[in-house]
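All residue numbers in this chain count up from 1 along the given sequence. Everything numeric here is computed off the predicted structure, so don't read it as measured data.
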Amino acid sequence: FPVTIGVADELPYRVRELMREINELIDTKSVVQIEILKLYFNNQYTVTDIAAITPYNYKMIHQVVQRFRNELKELYKD
């Protein structure tokens, strides 16, 4: 869930903890996926923005984000 760095200090403990868990999960991915997911989740870039500033195309970026979001939904469904 998108929250910029710096704002994290103002968030409740559980939200900060969840962000930490999500970032740890992001860090287990490939270098390309990490770049895309950190831009999307930490910097709040859109898929279109990421496609404009990286060598990756829209379809690939969208797929990486969707798969990760589905992974999060499955992980946190309870």
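Of all non-hydrogen atoms in A51 and N57, the two that sit nearest each other are CB-C, 4.4 Å. Nearest approach of M60 to I36, heavy atoms of both residues: CE-CD1, 4.3 Å.
Other residues, nucleotides and ligands contribute at most 12 non-hydrogen atoms within 6.0 Å of the OH atom of Y13.
With hydrogens and angles disregarded, a donor-acceptor distance shorter than 3.5 Å links the side chain of D49 to the backbone of T46. No donor-acceptor pair under 3.5 Å is formed between the side chain of N43 and the backbone N or O of Y45.
For F68, the ring pair (Phe, Tyr, Trp, His ring centres under 6.0 Å) test picks out F41, with sequence neighbours left out. Take K73 and apply the salt bridge (Lys or Arg N to Asp or Glu O under 4.0 Å) test, not counting sequence neighbours, and it matches no residue.
Checked for salt-bridge contact, E74 and K77 meet the test: a charged N lies under 4.0 Å from a carboxylate O. Using a cutoff of 4.0 Å between basic side-chain nitrogens and carboxylate oxygens, E21 and R16 are not scored as salt-bridged.
For the atom pair CD (Q63) and CZ (R67), the distance works out to 3.5 Å, reported to the nearest 0.5 Å. Separation of atoms CG (L37) and CD1 (I34) is listed at 8.5 Å; rounding is to 0.5 Å. With rounding to the nearest 0.5 angstrom, the CG atom of L39 is 8.5 Å from the CD1 atom of I61. T48 contributes atom OG1, which lies 9.5 Å from atom NE2 of H62 (distance to the nearest 0.5 angstrom).
Looking at V64 and V32, their side chains never come closer than 4.5 Å, going by heavy atoms from C-beta outward.
Criterion: ILVMFWY side-chain heavy atoms under 4.5 Å apart, direct or through other members. Under it, V65 and I53 are part of a common hydrophobic cluster.
The side-chain hydrogen bond (donor to acceptor under 3.5 Å, both in side chains) contacts involving residues 24-38 comprise R20-E24, D27-K38, K29-E71, S30-Q33, E35-Y56, where partners must be two or more places apart or lie in separate chains.
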